[in-house]
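Here is the structure we will look at.
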2 protein chains.
Amino acid sequence: MSIARQGRQPIWQQIADELRAQVVDGTFSAGEQLPTEVELTERYGVARNTIRQAMTALVNEGLVVPRPPRGYFVRDRRPMFYRPQAEFREQPASPEMDRFLMEHSTEGRSPRQTIDVAIEAPPAEVRKRLNLAPDELVVVRKRTRYLDDEPFHTNDSYYRLNLVKDTEIMRPEDVARGVNQVLSEIGYPQTRALDEIYIRMPTPDEARRLDLPPGTPIACHICTGLTDEGVPVRVVVNVLPGDRHVIVYERTKSNNGSDEDR
Amino acid sequence: MSIARQGRQPIWQQIADELRAQVVDGTFSAGEQLPTEVELTERYGVARNTIRQAMTALVNEGLVVPRPPRGYFVRDRRPMFYRPQAEFREQPASPEMDRFLMEHSTEGRSPRQTIDVAIEAPPAEVRKRLNLAPDELVVVRKRTRYLDDEPFHTNDSYYRLNLVKDTEIMRPEDVARGVNQVLSEIGYPQTRALDEIYIRMPTPDEARRLDLPPGTPIACHICTGLTDEGVPVRVVVNVLPGDRHVIVYERTKSNNGSDEDR
DNA sequence: GAGTGGTCTAGACCACGTA
DNA sequence: ACGTGGTCTAGACCACTCG
């Protein structure tokens, strides 16, 4: 059997469409292996490069992952909930939400993290948000979190050096009391925050650090913590692989605003 | 001049790295044209397919966009703020945030939208969130919003058919009073919401509807609106191209929760 | 008509994990 | 040792737009 180009649709796209449909409808289910490249060249009667173009497209859509020298496999997404509001509001607002949120809990996967503390010149996007002088330095706590020894996300917290230089924030361990407590004690309690969420493809560095398969976009969650008076006290940059996270916010009447629809 | 494979690094990757660095450091700035494929084959002394592999990588990273038959150009991102909290809280919590949020305002770009209303069997993710019986139908208002005639995002709102069937929600126009007002009047005021944000590559359908260049991930923002008692009254599915949006949330002490850091 | 990227072919050799 | 995907070559023709 073979395939011909009809109309404007390239052959590789027709092949990709066919395979994608089979993945979506469950002919190939999550984790399952797809036909090999040679099988497909024979089935469709085209050159291997054409097959590769189809497969590359599916890989870049995040639908399929190549695992040489085994073959192509259907990717499975098991995103976990990521809740920026989690720490200050320990409990969800209601039982229904609670149940919902627990559906995909950690489920016995073993967490682990590394912490590196350094003094650095801040990247531009941090300097701007912390309102720093051009040459001012920051303390950064760089974390990579793992689940079952697989990288899960990164979390880099930036602080003004002259604010925190004599506190335990400088130590490469968990701060038992919580960093907010420390900030309060030095006179800069964080009472407000601004979350910005950028959606983009990872840089090669990020892809390496998080061991991201091709076709995995990330959310870059930048959280600026402020005092009541609007003084920025820290900036947290989280890089969240899209295949492992769902970002969740709860809103109630007082702080609400649905995406109003008229 | 030519290039050779050294170590484990493929040639196409070395070329991609070199071009990426030049884009990042401003040698090629946003909107500017990169060298053509033939120029690059000559400069590096490799086959065109090898150059194409490098360019394809940059395209899938979202860094570069091919505009045949002109050449490759550096992509420019001008994301606008997208604020799920916007409607109920008209004003930002403080002047600093206000200034910050206004920095990238609409700036005189002309908005436009299309609205289609239909009665449908809901997709599974909507049926689940609306708590519907397997055969229950929904009313859906599908919107595509444009800025300067370019698609910006989509916004599909789903309602139980038997709830809204005699209201103006069924009409393919803006609801002047606001949909929340209508929901209140029929006895189901929305006072809470749950936002879920999924990060992934677009489906081919989504890419077509939003005219997305390759290498553009999307955020799928699913907002479930609930009454005080936890009855879901509507589900809104927003598809937000990553190159055109930054999602923003503000948090204050009462509803806060920074990404706590210990 | 010239030049661009898009598509496609037919071959070659390689690194790597599994059997 | 075998089979997989990964890399790379050297060609060919196409559709499209611009000058």
Side-chain angles (χ1 to χ4, degrees), chain A residues 2-19 28 31-61 63-75 204 207-208 211-215, chain B residues 2-19 28 31-61 63-75 204 207-208 213-215:
Chain A
S2 123
I3 198 171
R5 180 162 183 174
Q6 33 194 343
R8 303 230 176 295
Q9 187 94 328
I11 293 176
W12 67 264
Q13 232 174 74
Q14 297 177 46
I15 297 173
D17 287 348
E18 211 167 301
L19 291 172
F28 302 110
E32 205 168 327
Q33 179 168 8
L34 270 57
T36 65
E37 292 181 353
V38 268
E39 270 172 42
L40 291 171
T41 59
E42 289 159 4
R43 175 185 315 180
Y44 290 108
V46 297
R48 181 156 84 107
N49 275 348
T50 305
I51 294 297
R52 281 184 65 74
Q53 202 167 356
M55 299 313 279
T56 302
L58 297 179
V59 166
N60 285 322
E61 284 172 31
L63 208 66
V64 147
V65 66
R67 268 209 294 269
R70 308 278 306 283
Y72 291 93
F73 292 79
V74 179
R75 213 162 136 168
R208 208 174 310 115
D211 193 22
L212 300 178
Chain B
S2 128
I3 198 171
R5 181 161 182 172
Q6 33 193 343
R8 302 234 176 292
Q9 186 92 328
I11 292 176
W12 68 264
Q13 235 175 69
Q14 298 178 45
I15 296 172
D17 287 348
E18 210 167 301
L19 291 171
F28 302 111
E32 206 169 327
Q33 179 168 8
L34 268 59
T36 65
E37 291 182 353
V38 267
E39 268 171 44
L40 291 171
T41 59
E42 290 159 2
R43 174 183 315 177
Y44 291 108
V46 297
R48 180 155 86 107
N49 274 350
T50 305
I51 295 296
R52 281 184 67 73
Q53 203 167 355
M55 298 315 279
T56 302
L58 296 180
V59 166
N60 285 322
E61 285 172 29
L63 207 65
V64 147
V65 65
R67 270 210 294 270
R70 308 279 307 282
Y72 291 94
F73 293 79
V74 178
R75 216 163 134 167
R208 208 174 310 114

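A note on names: the letters A, B, ... follow the listed sequences, proteins ahead of strands, and every chain is numbered from 1.
The CG-P distance, from B:L34 to C:dG5, rounds to 10 Å in whole Å. Following rounding to the nearest Å, A:E37 (CD) and C:dC13 (C1') show an atom-to-atom distance of 15 Å. B:Q9 places its CD atom 15 Å from the C1' atom of D:dC8, with the value rounded to the nearest Å. Taking atom CE on B:M55 and atom P on C:dT7, their separation rounds to 15 Å, with Å as the unit. Here D:dG6 presents its C1' atom at 9 Å from CH2 of B:W12, a figure rounded to the nearest Å. One interatomic measurement links the two molecules: CZ of A:R70 to C1' of D:dG6, which rounds to 17 Å at whole-angstrom precision. Rounded to whole Å, atom C1' of D:dC8 lies 9 Å from atom CG of A:N49. One can place CD of A:Q53 at 14 Å from P of D:dG6, the figure rounded to the nearest angstrom.
For the pair B:F73 and B:Q33, the tightest heavy-atom approach, listed with the atom from each and the gap, is CE2-CB, 3.5 Å.
If you check distances only, the side chain of A:R48 does reach the base of D:dG6 with a donor-acceptor pair under 3.5 Å.
Between B:L19 and B:V64, every side-chain heavy-atom pair lies at or beyond the 4.5 Å cut-off. Side-chain contact between A:Q53 and A:T56: absent, with no pair of heavy atoms (C-beta onward) separated by less than 4.5 Å. For the pair A:Y72 and A:V59, the minimum side-chain heavy-atom distance is below 4.5 Å. Side-chain atoms of B:Y44 and B:E18, non-hydrogen and from C-beta on, do get closer than 4.5 Å to each other.
Using a 4.0 Å cut-off, some side-chain N or O of A:T50 falls inside it from OP1 or OP2 of C:dT9. An OP1 or OP2 oxygen of C:dT9 is reached within less than 4.0 angstrom by no side-chain nitrogen or oxygen of A:Y44. Between B:R52 and C:dG6, a side-chain N or O to OP1/OP2 separation shorter than 4.0 Å is present. The side chain of A:T36 contributes no N or O atom lying less than 4.0 Å from OP1 or OP2 of D:dG3.
Here D:dG6 is the nucleotide among C:dT7, D:dC8, D:dG6 with the atom lying nearest to any side-chain atom of A:P68. Among C:dG5, C:dC8, C:dT9, the nucleotide with an atom closest to any side-chain atom of A:V46 is C:dT9.
Where A:Q33 and B:I51 meet DNA chain D, the nucleotide closest to each residue was compared, and A:Q33 sits on the side nearer the 5' end.
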